[in-house]
Participant: 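Here it is, the structure, as C-alpha cells.
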Amino acid sequence: MTTERYNPREAEPRWQKYWTENRCFEAREDASRPKYYVLEMFPYPSGRIHMGHVRNYTMGDVIARFRRAMGYNVLHPMGWDAFGMPAENAAIERGVHPKAWTYENIAAMRAQLKNMGLSLDWSREIATCDPDYYRHEQAMFIDFLKAGLVERKVSMVNWDPVDHTVLANEQVIDGRGWRSGALVEKRELAQWFLKITAYSDELLTALDGLTRWPEKVRLMQKNWIGRSEGLRFSFALETADGKPLDERLTVYTTRHDTIFGASFCAISADHELARHLSEKDEGLAAFRREVAALGTSEETIERAEKKGHALGLYARHPFRKDVRLPVYAANFVLMGYGEGAIFGCPAHDQRDLDFARKYDLPVLPVVAPKGTDPASFTVGSEAFIEKEGDNTVLINSDFLDGMSVPAAKAEIAKRMEAMGIGERRVNFRLRDWGVSRQRYWGCPIPVIHCAACGIVPVPKDQLPVTLPEDASFDKPGNPLEHHPTWKHVACPSCGKPAKRETDTFDTFIDSSWYYARFCSPHADVPVTPEAARYWMGVDQYIGGVEHAILHLLYSRFYARAMTATGYLDVKEPFESLFTQGMVIHETFRTLSGEWVLPADAVNQDGKWVHATTGEPLEVGGVEKMSKSKKNVVDPDEIIARFGADTARWFMLSDTPPERDIEWTEAGAEGAWRFTQRIWRLVNDAAAHAGGSDA
RNA sequence: GCGGGCGUGGCGGAACGGUAGACGCAACGGACUUAAAAUCCGUUUUCCGUAAGGAAGUGUGGGUUCAAGUCCCACCGCCCGCACCA
C-alpha cells in the first residue's frame with residue numbers, strides 16, 4: 001500500500017509534453033488501417049473556453065482514444081470558427097482590431113484546450129478567418145455561381161436605420177435593433193442567396209438514411225423543410241362593376257376540398273398586385289406601410305390583429321357562376337410562402353375565420369362530421385378543423401357532397417387541371433439561404449459590380465480577396481463600404497472602373513465545409529480527393545442541439561453543392577451525430593433581483609445569504625451557465641484545483657451525455673476522489689508487478 | 001396553436017412485462033489519527049417497530065394481465081423545437 005498521492009499538476013503537463021513531442025495524435029492517411037474521423041463542433045474564439053466546451057471535447061476525446069486503442073487510424077482535429085460579430089463589436093467598443101482580438105483569443109483558448117489533455121491533431125488546426133481558408137470558400141462560391149447554385153435577388157430584410165446594416169431576426173428585439181435601439185424597418189435589398197431550395201426534396205428524403213442521427217434532430221429538420229402537397233390555381237378577376245381583368249389571381253392551397261366554403265381572397269401586402277394597385281390607392285399604400293412597420297418578430301406576429309384592405313377587385317368562383325369573392329390585401333398572408341395569395345375559407349381555418357368576423361364575411365361550413373345535418377351545422381368563433389381519424393364528409397358543396405376530404409381534394413384537383421386553371425404542387429417551407437452581411441469581419445464575397453458587364457466573378461488567379469487591414473470602425477455601417485480605396489477596382493472583364501462587392505458571407509458558410517478542410521488542411525485546393533476519399537464522412541460528430549437546424553442543414557446542403565461542383569464526393573457529411581446536453585448550474589439572486597455568484601451564497605440555518613454582505617438571497621432555477629446569470633464555473637479554476645482528468649471524469653460520469661448536467665461542487669470533489677482511487681489502484685498494481693512508473 | 005421529449009430516493013440515474021431503486025455521488029455512523037484531510041468498513045426510498053418484521057411506494061386517475069416503472073386510455077406538470085406556412 002502506497003501513501004503517495006496523484007499530483008495532476010506534475011503528471012498532466014509531463015504527459016501533455018510527451019504527446020506533443022512525439023506527435024502522438026497527428027493523423028496520416030494509411031490505407032492499411034481502418035480510419036475513424038471524430039469531430040466536435042469547433043468553437044467560436046470568444047476568449048475563454050467554458051464548461052460546455054469541456055463536456056463536448058471530452059466526449060469526442062474519449063471516443064478518439066477508444067478508437068485508437070482499437071487500432072483505428074483516428075482523425076481528431078480542432079479549429080476556430082473565427083469570423084463574426086463579437087470581434088467587430090470589440091473593435092467598435094474598445095478600438096481593438098478584429099483580427100488582433102480574434103488571434104489573441106485563439107491563442108488563449110488553444111492553451112486552455114491543451115491543458116485539458118485532449119488527444120487533438122494540432123498540426124491540422126485551421127481558423128476560418130485565415131485567408132488560406134477563406135480563399136477556397138471564395139473559389140467554391142465562384143464555381144457555385146457558375147453551376148447555378150447562387151442567385152442574386154431582392155428580398156425583404158430587417159434594416160437598422162441607425163447602424164445602416166441588415167440585422168438577423170435574432171438581433172431584432174421587440175421590433176428594435178439590439179444595438180442601436182432604433183425601430184427596425186423592413187427593407188428591400190439585393191442580396192446573395194445560395195439555392196438550398198434546389199435540394200429541398202433531397203435534403204428531406206435523405207433524412208431517412210441518417211439512422212445514426214437523433215430522431216429529434218431529423219424531425220426538426222423535416223419540419224423546417226416543411227413539405228406540403230397542395231394545389232396551385234388561379235381565379236379570374238373582375239372589377240366591382242363586373243368588368244373582367246386580363247390578369248388572374250394565383251393562389252396556393254392544401255385545402256382545395258373547401259373551395260365551396262370560400263368567401264374571400266387575400267394577398268400579401270408585398271404581393272405584386274398590391275404594389276401595383278397602391279400606386280393609385282393611397283389607402284392601400286398606407287396599409288402596406290403599416291404592415292411593413294410591424295416587423296417580423298414572433299411577438300409582434302402573435303399580437304397582431306388580422307387586418308386587411310379591400311382592393312376593390314373580385315375573384316370569380318371557379319365552380320359557382322353566381323359567386324364572386326372580394327379580394328383583400330391582408331397582413332397575415334406571407335409573401336414568401338406559396339404564391340403569397342390565398343382563398344379564405346373561414347369555417348375551416350382559424351385565421352380566415354378571425355378575418356371574416358372582422359369584415360363581416362360569410363362563414364359557410366363545407367366539412368362536417370358524418371351524419372350531421374348540413375342545415376344545422378354552424379361554426380361559431382372556432383373554426384372546424386378536422387383531425388386525423390375524424391370521420392367527416394363534404395357538405396354544402398355541390399358535386400362534392402358526401403365525399404371524404406381526400407376524395408374531394410382529388411376531385412377538385414382533377415377538375416381544375418382539366419379546366420386548365422390549376423395544378424397539383426408540392427410546396428416547401430424552406431427558403432433560399434441569404435448569405436450577404438453588411439459586415440467587415442467575414443469572408444469577402446468575390447464578385448465585382450461593373451456598370452458595363454454586370455456582375456463579374458473575381459478571376460480565380462486573383463484570389464483570395466482579402467480584407468483590408470486598415471479599416472475604421474468609428475462610423476455605423478459596413479467598414480468595407482466606407483473604406484477609401486478597397487472597393488474601387490478595375491473590372492476584370494472590360495478593365496473599366498468598377499466596384500467590389502462590399503458584403504461579406506454569413507459565417508455559417510465558414511462552418512459548412514470545415515469538416516472537409518480538416519482532411520487536407522494545407523492543400524491548395526479546398527480538399528484533396530485522396531484525403532476526402534480516405535477520411536470522409538465524419539464517423540462521429542458531436543455538438544449542441546442548438547445547431548440542429550441551421551448549421552447541420554447548411555452543412556448537408558454544402559456537401560451536396562461541393563459534390564455537384566466536383567470538390568467532394570459525399571452527400572452526407574456526418575454519418576453519426578450526437579447532441580450533448582448543456583452544463584447547468586444553480587443560480588442565486590438578491591431580493592432586488594441582482595444575480596449573485598453561487599460561490600458568494602452561503603447557507604445559514606437553512607437560509608441563503610450573501611457571504612460578505614449578509615443580504616438574504618433567493619434561490620433561482622438550475623440553469624444553463626451564462627455570464628448574465630453569474631452562474632458560470634471557469635474550467636481553468638477546476639483544472640488548477642483538481643486537474644483535467646477530474647474535470648473530464650465528472651463530465652462523463654455524472655449524467656448521461658445527452659442530458660443536461662448540473663455542475664456541483666460536491667460532484668467535482670467526488671470525481672477528484674475517484675481519480676485518486678484509480679491512480680492508487682494502478683500504482684499499487686505496478687508496485688506489485690515489481691516496477692513503479694507513475 | 002402544431003410537433004417532440006420527460007416525470008422513479010437528498011442527487012445523477014438502473015431495472016427482456018417477473019424481487020423497484022443496480023452502480024455512483026452526497027450524507028450519516030464507525031475504524032485509523034494528537035487532530036484534520038485522505039483511506040478503509042458499515043448504514044442510507046418512506047412510515048411503524050428496540051428488533052424480528054410489517055405497510056406504503058415509480059406525477060394523478062382508470063384499464064389490460066397471474067404479474068405493470070414498463071403495455072393501453074384520460075388527465076396534470078415540466079422541458080425543447082417551430083410558429084399567421086394557407
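So you know, we letter chains A, B, ... as the sequences are listed, proteins then strands, and number each from 1.
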Participant: Given the side-chain rings of A:Phe578 and A:Tyr541, with only the six-membered ring counted for Trp, is the space between their centroids under 6.0 Å?
Facilitator: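 No, they do not, as the ring centres are separated by 6.0 Å or more.
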Participant: With both distances under 3.5 Å as the test, what is the Watson-Crick or G-U wobble partner of B:rG29?
Facilitator: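 Matched B:rG29 with B:rC41 under the 3.5 Å cut-off.
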Participant: Determine which nucleotide pairs with B:rG1, using a 3.5 Å limit on both distances of a Watson-Crick or G-U wobble pair.
Facilitator: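 Result: B:rC82.
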Participant: On RNA chain B, check which nucleotide each of A:Thr253 and A:Phe674 is closest to and give me the residue with the more 5' one.
Facilitator: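 Closest to the 5' end, via its nearest nucleotide, is A:Phe674.
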Participant: Please determine if A:Arg232 forms a cation-pi arrangement with A:Tyr252, meaning its NZ or CZ atom is less than 6.0 Å from the six-membered ring centre and no more than 45° off the ring axis.
Facilitator: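 No, A:Arg232 does not sit over the ring of A:Tyr252.
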Participant: Does a side-chain N or O from A:Tyr337 land closer than 4.0 Å to OP1 or OP2 of B:rA86, or not?
Facilitator: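 For B:rA86, OP1 or OP2 has a side-chain N or O of A:Tyr337 closer than 4.0 Å.
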Participant: Which donor-acceptor pairs under 3.5 Å do side chains of residues 194-210 of chain A form with protein atoms, sequence neighbours excluded?
Facilitator:
| residue | atom | partner | partner atom | Å |
| --- | --- | --- | --- | --- |
| A:Thr197 | OG1 | A:Asp432 | OD1 | 2.7 |
| A:Thr197 | OG1 | A:Asp432 | OD2 | 3.4 |
| A:Ser200 | OG | A:Thr197 | O | 2.9 |
| A:Glu202 | OE2 | A:Arg560 | NE | 2.8 |
| A:Thr205 | OG1 | A:Asp201 | O | 3.0 |
| A:Thr205 | OG1 | A:Glu202 | O | 3.4 |

Participant: Taking the C1' atom of each, how far is B:rG3 from B:rG17, in whole Å?
Facilitator: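 It comes out at 30 Å once rounded to the nearest Å.
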Participant: Find the distance A:Glu658:CD to B:rG4:C1' and express it as a whole number of Å.
Facilitator: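 Whole-Å distance recorded here is 15 Å.
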Participant: What integer number of Å spans the C1' atoms of B:rC71 and B:rC2?
Facilitator: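 Per the computed distance, 27 Å lies between those C1' atoms.
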Participant: Between A:Trp595 and A:Phe588 (judged by ring centroids, cut-off 6.0 Å), do the two rings come close enough to count as a pair?
Facilitator: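 Ring-ring flag for A:Trp595/A:Phe588: false, centres at least 6.0 Å apart.
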Participant: Hunt down the Watson-Crick or G-U wobble partner of B:rC11, both distances under 3.5 Å, from any strand shown, or write none.
Facilitator: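 Pairing partner: B:rG24.
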Participant: Is it true that the side chains of A:Gln580 and A:Arg659 contain a donor and an acceptor less than 3.5 Å apart?
Facilitator: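 A:Arg659 and A:Gln580 do not have a side-chain donor-acceptor pair below 3.5 Å.
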Participant: For the side chain of A:Val333, starting at C-beta, report the closest nucleotide among B:rA14, B:rA86, B:rC85.
Facilitator: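 Side chain of A:Val333 sits closest to B:rA86.
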Participant: Please state the C1' separation for the pair B:rG24 and B:rC16 - nearest whole angstrom.
Facilitator: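 Straight-line distance between the two C1' atoms is 24 Å.
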Participant: Compute the centroid of each ring, for A:Phe377 and then for A:Phe384, and state whether the two points are separated by less than 6.0 Å.
Facilitator: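 Ring centroids of A:Phe377 and A:Phe384 are less than 6.0 Å from each other.
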Participant: Show me the protein contacts with nucleotides 26-32 of chain B, counting only N or O atoms at under 3.5 Å.
Facilitator:
| residue | atom | partner | partner atom | Å |
| --- | --- | --- | --- | --- |
| B:rA26 | OP1 | A:Arg673 | NH1 | 2.1 |

Participant: What is the distance, rounded to the nearest whole Å, between atom CD1 of A:Ile661 and atom P of B:rC25?
Facilitator: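 Between P of B:rC25 and CD1 of A:Ile661: 15 Å.
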Participant: Is the ring pair A:Tyr57/A:His53 parallel, tilted or perpendicular, if the boundaries are 30 and 60 degrees?
Facilitator: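 Geometry flag for A:His53 against A:Tyr57: parallel rings.
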Participant: State which of B:rA38, B:rA86, B:rC82 makes the closest approach to the side chain of A:Arg680.
Facilitator: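 Of all the options, the side chain of A:Arg680 is nearest to B:rA38.
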Participant: CE of A:Met335 versus P of B:rC84: gap in Å, rounded?
Facilitator: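 For the pair A:Met335 CE and B:rC84 P, the rounded distance is 16 Å.
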Participant: Are the side chains of A:Ser555 and A:Leu552 in contact, using a 4.5 Å heavy-atom criterion?
Facilitator: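 In short, these two side chains do not touch, never coming nearer than 4.5 Å.
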Participant: Looking only at N and O atoms, is any donor in the side chain of A:Arg431 or the base of B:rC85 less than 3.5 Å from an acceptor on the other one?
Facilitator: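 Check passes, donor-acceptor contact within cut-off.
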Participant: Could you give the side-chain donor-acceptor pairs of residues 662-673 of chain A under 3.5 Å, partners two or more places apart or in another chain?
Facilitator:
| residue | atom | partner | partner atom | Å |
| --- | --- | --- | --- | --- |
| A:Thr664 | OG1 | A:Gly667 | N | 3.0 |
| A:Glu665 | OE2 | A:Arg641 | NH1 | 3.0 |
| A:Glu665 | OE2 | A:Arg641 | NH2 | 2.6 |

Participant: Under 4.0 Å: is that the gap between some side-chain N or O of A:Arg351 and OP1 or OP2 of B:rA86?
Facilitator: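 No, A:Arg351 has no side-chain N/O under 4.0 Å of OP1/OP2 on B:rA86.
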Participant: Roughly, in whole Å, what's the span from CZ in A:Phe642 to P in B:rA38?
Facilitator: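 It works out to 11 Å between those atoms.
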Participant: Rounded to the nearest angstrom, tell me the gap between atom CG in A:Asp660 and atom P in B:rG5.
Facilitator: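 My rounded result for the distance is 17 Å.
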Participant: When the P atoms of B:rA20 and B:rG54 are considered, how many whole Å apart are they?
Facilitator: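 So the two P atoms sit 13 Å from each other.
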Participant: Heavy atoms within less than 4.0 Å of RNA chain B: which residues of residues 212-236 of chain A have one? Give them sorted by number.
Facilitator: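 Those residues are A:Lys216, A:Leu219, A:Met220, A:Asn223, A:Trp224.
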Participant: How about A:Phe264 and A:Tyr359: are their ring centres within less than 6.0 Å of each other?
Facilitator: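 No, ring centres 6.0 Å or more apart.
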Participant: Can you check the distance between B:rA67 and B:rC79, where both ends of the measurement are the P atom (answer in whole Å)?
Facilitator: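 Taking atom P in both B:rA67 and B:rC79, they lie 38 Å apart.
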Participant: Rounded off to whole Å, could you give me the CZ-to-P distance for the A:Phe355 and B:rA86 pair?
Facilitator: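 Nearest whole value for this atom pair: 18 Å.
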Participant: List in chain and number order the residues that pass side-chain hydrogen bond (donor to acceptor under 3.5 Å, both in side chains) with A:Asp61, two or more places apart in sequence or in another chain; answer none if no residue qualifies.
Facilitator: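 Scan of A:Asp61 (side-chain hydrogen bond (donor to acceptor under 3.5 Å, both in side chains), adjacent residues dropped) gives A:Arg65, A:Ser119, A:Arg648.
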Participant: Could you tell me how far B:rC82 sits from B:rA68 if I compare only their C1' atoms? Round to whole Å.
Facilitator: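 After rounding to an integer number of Å, I get 35 Å for this pair.
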Participant: According to side chain to side chain contact (heavy atoms under 4.5 Å, CB included), who are the partners of A:His309, at least two apart in sequence or on a separate chain?
Facilitator: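 Side chain to side chain contact (heavy atoms under 4.5 Å, CB included) check on A:His309 returns A:Asp281, A:Leu284, A:Phe287.
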Participant: Closest-nucleotide mapping onto RNA chain B: is A:Pro656 or A:Tyr252 further toward the 5' terminus? I mean the 5' end.
Facilitator: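 Going by which nucleotide is closer to the 5' end, it is A:Pro656.
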Participant: A:Glu623 has an atom CD; how far is it from atom C1' of B:rC79, in whole Å?
Facilitator: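 Distance check: A:Glu623 CD to B:rC79 C1' gives 12 Å.
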Participant: Counting only side-chain heavy atoms from C-beta out, which of B:rA83, B:rA86, B:rC84 sits nearest to A:Arg429?
Facilitator: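 Nucleotide nearest to A:Arg429's side chain: B:rA83.
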Participant: Applying the Watson-Crick and G-U wobble criteria at under 3.5 Å, what pairs with B:rC6? Answer none if nothing qualifies.
Facilitator: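 Across all strands, the one nucleotide that pairs with B:rC6 is B:rG77.
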Participant: Taking atom P in both B:rC32 and B:rU70, what distance in whole Å separates the two?
Facilitator: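 Taking atom P in both B:rC32 and B:rU70, they lie 49 Å apart.
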Participant: Going by purine N1 to pyrimidine N3 plus the second Watson-Crick contact, or the G-U wobble pair, all under 3.5 Å, which nucleotide sits opposite B:rA68?
Facilitator: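 Check on B:rA68: unpaired, no WC or wobble geometry under 3.5 Å.
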Participant: Taking atom C1' in both B:rA35 and B:rC25, what distance in whole Å separates the two?
Facilitator: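 Comparing C1' positions in B:rA35 and B:rC25 gives a spacing of 27 Å.
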Participant: Nearest-Å distance, CG (A:Leu553) to C1' (B:rC82)?
Facilitator: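 Rounded to the whole Å, the gap is 14 Å.
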Participant: Check the chi torsion on B:rG24 and let me know: syn if it falls within 90° of 0, anti if not.
Facilitator: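 Here B:rG24 takes the anti form, which means its glycosidic angle is more than 90° from 0.
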